[in-house]
Amino acid sequence: MLEKTYEPANVEARIYEQWQEAGAFKAGAGAKPGAETFSIVIPPPNVTGSLHIGHALNNTIQDILIRFERMRGKDVLWQPGTDHAGIATQMIVERQLMERQQPGRREMGREKFLERVWEWKAESGGTILNQLKRLGASADWSRERFTMDEGLSEAVRKVFVTLYEKGLIYRAKRLVNWHPGLETAISDLEVENIETNGKMWHLRYPIEGSTETITVATTRPETMLGDVAVAVHPDDERYKHLVGKHVILPIVGRRIPIIGDEYADPELGSGAVKITPAHDFNDFEVGQRHNLKPINIFTTTAKLNNSVPEAYRGLDRFEARDKVLAELEASGVLVWVDDKKIMVPYDEKSKQVVIEPFLTDQWFVKAEILAAPALASVREGRTKFVPKQYENTYYAWMENIKPWCISRQLWWGHQIPAWYGPRLNTDPDFNNRDAGPKCFVADSEVEAIAQAQAYYGARKIEVYSGGVNAPDYAKAMLSFETTQRDRLNADTWNMRKHKDPFAELSDSKVPLHRDEDVLDTWFSSALWPFSTMGWPSQTPELAKYYPTDVLVTGFDIIFFWVARMMMMGLEFTGTEPFHTVYMHALVRDEKGQKMSKTKGNVIDPLKLVNEYGADATRFTLAAMAAQGRDMRLAISRVEGYRNFVTKLWNAARFLEMNGCVRIEGYDPRDNKLALNRWIVGSTARAAAAVTAAISDYRFNEAANAAYDFVWGTFCDWYIELAKPVFTGEDEAAKAETQATAAFALDQILKLLHPFMPFITEELWAETGKTGPAREKLLIISEWPELAGLEDPEAQAELDWLVALISGIRSVRQEMNVPAGAKVKLLVVGAGAETGTRLEANLSALTRLARLDSVDYTSDVPRDSAQLILGEATFVLPLAGVIDLDAERGRLKRDIAKEQSEIDKIDKKLGNEQFLAKAAEEVIEEQRTRREESLERLKRLQEALSRLS
RNA sequence: GGGUGUAUAGCUCAGCGGGAGAGCACUACCUUGACAUGGUAGGGGUCACAGGUUCAAUCCCUGUUACACCCA
């Protein structure tokens, strides 16, 4: 016999093990022959991360879809894996080194450091996937992938090389968002602009050869050390005469021009702006238009470099600000200060570090070209977003997409497959200062050397793996220079010019070094739907499961990830990677705040699983997953669904105790009893509702439909009504009810399985111990197909019975009849149908309404409570118990209610417009309702008159 | 500044052009042979505000307010 309560902790691990042993998660498990496929790729979590509530929601939804489609007989693949998460992972390991007071990554060197990261990955990489297993995720773990696996890395290199060859990836010196803490470039998306209380400082610059001054306003006074111009609007009458003159930059003493440029807004501040092209995105463009050379005043850690006066060198940017202001104030340059709300760019992860626009060489993707087909896909409906409103978000971003900076000055990630060498003096770009070194982009070093060989002719080539900092590299470079009249002009090159004759070349080796940088993590994530299936090889999995069906994700990574998968998928496979993008809500805390580690308001899903079980946790998330709305997670909901799990358990326990065993060859169509015909029909309706809702990604409706049916119908009414049958004498009725109950429970287990996989599988096994042997585990059994089993006649009868019992109970409570007391029931004015129904359901009625007799009468005793149902009046003679005033009050209240209902309907039916314009069935419905109300009103008035 | 979303019971949230719902909380009663993680009955809402469309608006439209988020 089943235990009294279900203990998830004792069951979940065992069940999960069973599924795995049975190979139930494997791609194609349980599929019907020739079935259509259904595939989902997991949004790969950070390999060293741990499960948060968003993951729990995300994966619960995927698992619901996967289990549902698997049971529907499709050939299902849920592709799992993890992401190397470049910045996050590298930061964790660096922090570890610091905490343990071990040498930092630069002291360790790249190779040693990467070893450490791999060690850390090996150590903690399984954590999050194990946590997903605790939740019940039925992914095909045998196909687990990692973005830095050899196969996926090959895909990354292939994509990089191909895009480079097509001119869609390029290297350029541009202003990028620079993280001075991590000393790397980051993408626009990784910057969060936060409104801050700042100041606007007004600086008065002296004009050369004049007593005039020009006042500029700035929120970042320290950058004035890098000013190269002052701009005014060309049409600004105040300043027209100054354009072409020069300003002597205070502190620095540099002579800089006053230029006319429309960027200067006459309405804003003084109308004149300082131009610092190396440290402001707008200024950079102004600088380019006017051919001004940017002056970079910062180091990679945002300290002042050697381009500023000596007193400022080595200062942090914020220290420098104070010092600059002090000096400007002392010299009278600082005129006044305003308070101003300003947008400060912060690192979007930590929100601690101020991001600096910084001029560096980086790799970029021409996203604007890749975006065009990806936009068309959504516009033309080949990929749909659910909810649809996210399509607008997608359009807005994609239409204004900027070049994607993909290089990161990190070590953990896919190293960029580009090798650099010196330019030959025969190279057309030999004298182009901006061209940088000669670049060879290739799948492998061997291939890069082959390309280099073609370029350098017969000269020997040597690759230096430590990049420009390798010990022998500078020497080799110098040696090459001595044999080649060369000019190596990139800033990082930093090599001396040498003018030796070209003839001696044959003896020296050409030094090559590989790009030290790695790719943005999202570059490899963008390939995930096809790289995990073996691309660029044309594997059978790729042919079968790609494109995938649904992508389930949060809207916060629609740009980071979804858009980029669309672009890469279309570019490299010619097809959309998925036809539907389901965007689930953000899980917030009870105050509606976004959960984050730094805020410390995180709800740990594993704690929920431990305390309430995986099934309750999953069911809660599903039940709250309404489309287009964030969810505030309340623990009380989890508790409620834990109770639901217990309820289901006990229902099964009750059936077990009452011999409800599945019968070989049972056909629900043969049922005689209305009770059984009704529950089968209700099950069919519930199954249809759940199926429709999941198919439509309305997970909350699916969960609620199942919940209402199981608790509100099956447990509250079917089981209660079946009790008298089980204890009764009618063996045939008992047998039919037992078989039907077992059948209905089977359907319930199936319907609930996608939401609550553990308890349903456990009960499937328990109920499989009697009756015909189970052929397979529930996870791979067939989804209910019960269309056509609905039974309106039985439905009407049971609706009537339920109303009668509820009515009697209500009267009893209101009249304060003790719960244990049994009362007589008299029936007045019953027609034939009521008679038949009463006859058929006598024992159930007697038991559930706690009656001791049911009799027909025409004489209603005084001191009775009366209940109207259909044409009949049901009378409870309660002499001595009843409070007549209370009963009269009750009837009057009901009469008033009916009267107001009738009045409302009469108003409508009396309205010619309504009769003319409303739909026929609406009018008919109003008439019917009026009839019914009138009938009830009449009976109620009769009932009232009997009391006076 | 531009955009999107939300506003329904004390709380967390569904729903919907024609009769206001769930869970939790609350009140009363009930150790009824599955379940007190339960049962029965109940109280509780001008469906944010103001206009409009409609025979009919909590629902559609417009505006306002508040909150949340996205983009600049």
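Quick note on labels: first sequence line is chain A, next is B, and so on, each numbered from 1.
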Go through N177(A) and D188(A) one step at a time and tell me if the side chain to side chain donor-acceptor pair (under 3.5 Å) criterion holds. CA-CA 7 Å; N177(A) 297 294; D188(A) 306 353; 3.2 Å; yes
Just the rounded figure in Å: distance from P of U32(B) to CG of L845(A).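 Computing the L845(A):CG to U32(B):P distance gives 21 Å.
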Roughly how many Å is it from CG in D556(A) to P in G5(B), rounded to a whole number?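 Taking CG of D556(A) and P of G5(B), I get 18 Å after rounding.
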Kindly point out which of [options] is positioned nearest to the side chain of [X]?
| X | options | answer |
| --- | --- | --- |
| N658(A) | C69(B), G15(B), A34(B) | A34(B) |
| K917(A) | C24(B), U40(B), C55(B) | C55(B) |
| S810(A) | G42(B), A34(B), G19(B) | G42(B) |
| N911(A) | C55(B), G18(B), A34(B) | C55(B) |
| A918(A) | C55(B), G15(B), C71(B) | C55(B) |
| D716(A) | C35(B), U40(B), A14(B) | U40(B) |
| F559(A) | A34(B), C71(B), G15(B) | C71(B) |
| K647(A) | U40(B), C55(B), G38(B) | G38(B) |
| W711(A) | G19(B), G38(B), U32(B) | G38(B) |

Record whether the side chain of [X] comes under 3.5 Å of the base of [N] through a donor-acceptor pair of N or O atoms.
| X | N | result |
| --- | --- | --- |
| E814(A) | A28(B) | no |
| Q389(A) | U4(B) | no |
| K723(A) | A34(B) | yes |
| R642(A) | U37(B) | yes |

Searching all strands shown, indicate the nucleotide that pairs with [N] (Watson-Crick or G-U wobble; both distances under 3.5 Å).
| N | value |
| --- | --- |
| C11(B) | G23(B) |
| A28(B) | U40(B) |
| C67(B) | G5(B) |
| C16(B) | none |
| U53(B) | none |

Let's go through D799(A) and Q795(A) carefully: what are the C-alpha distance in whole Å and the side-chain angles of both, what is the deciding distance for side chain to side chain donor-acceptor pair (under 3.5 Å) to 0.1 Å, and is it a yes or a no? CA-CA 6 Å; D799(A) 284 348; Q795(A) 180 77 45; 3.2 Å; yes
Would you call the rings of F555(A) and Y390(A) parallel, tilted or perpendicular if under 30° counts as parallel and over 60° as perpendicular?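 If you compare the ring of F555(A) with that of Y390(A), the planes turn out parallel.
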Students often get this wrong, so: under 4.0 angstrom with heavy atoms, is [X] touching a base, only sugar-phosphate, or nothing?
| X | answer |
| --- | --- |
| I719(A) | base |
| Q926(A) | sugar-phosphate |
| A396(A) | nothing |
| N392(A) | nothing |
| A919(A) | base |
| R637(A) | base |
| T646(A) | base |
| Y707(A) | sugar-phosphate |
| R812(A) | nothing |

For a quick test of reading the model: is some side-chain N or O of K388(A) closer than 4.0 Å to OP1 or OP2 of U4(B)?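 So the side chain of K388(A) is outside the cut-off, no N or O lying under 4.0 Å from OP1 or OP2 of U4(B).
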So, is N643(A) near the phosphate of G38(B), with a side-chain N or O under 4.0 Å from OP1 or OP2?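 Affirmative; the distance criterion is met.
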Residue whose closest nucleotide on RNA chain B lies nearer the 5' end, V922(A) versus F644(A):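 The residue mapped nearer the 5' terminus is V922(A).
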First encountered from the 5' end of RNA chain B, between E701(A) and D708(A):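 The residue whose closest nucleotide sits nearer the 5' end is E701(A).
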So that I know where these two stand, are Y641(A) and Y612(A) an aromatic pair - ring centroids less than 6.0 Å apart?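 No, ring centres 6.0 Å or more apart.
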With ring centroids as reference points, do Y707(A) and F755(A) lie under 6.0 angstrom apart?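 Between F755(A) and Y707(A), which both carry aromatic rings, the centre distance is not below 6.0 Å.
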Have a look at E901(A) and tell me which of R930(A), K907(A), R936(A), R929(A) forms a salt bridge (Lys or Arg N to Asp or Glu O under 4.0 Å) with it.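 Exactly one pass, corresponding to R929(A).
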State, with a plain yes or no, whether a side-chain heavy atom of E932(A) is found less than 4.5 Å away from one of E935(A).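 Counting from C-beta outward, E932(A) and E935(A) never come under 4.5 Å.
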Using the C1' atom on both, measure G45(B) against C35(B) and round to a whole Å.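 Straight-line distance between the two C1' atoms is 32 Å.
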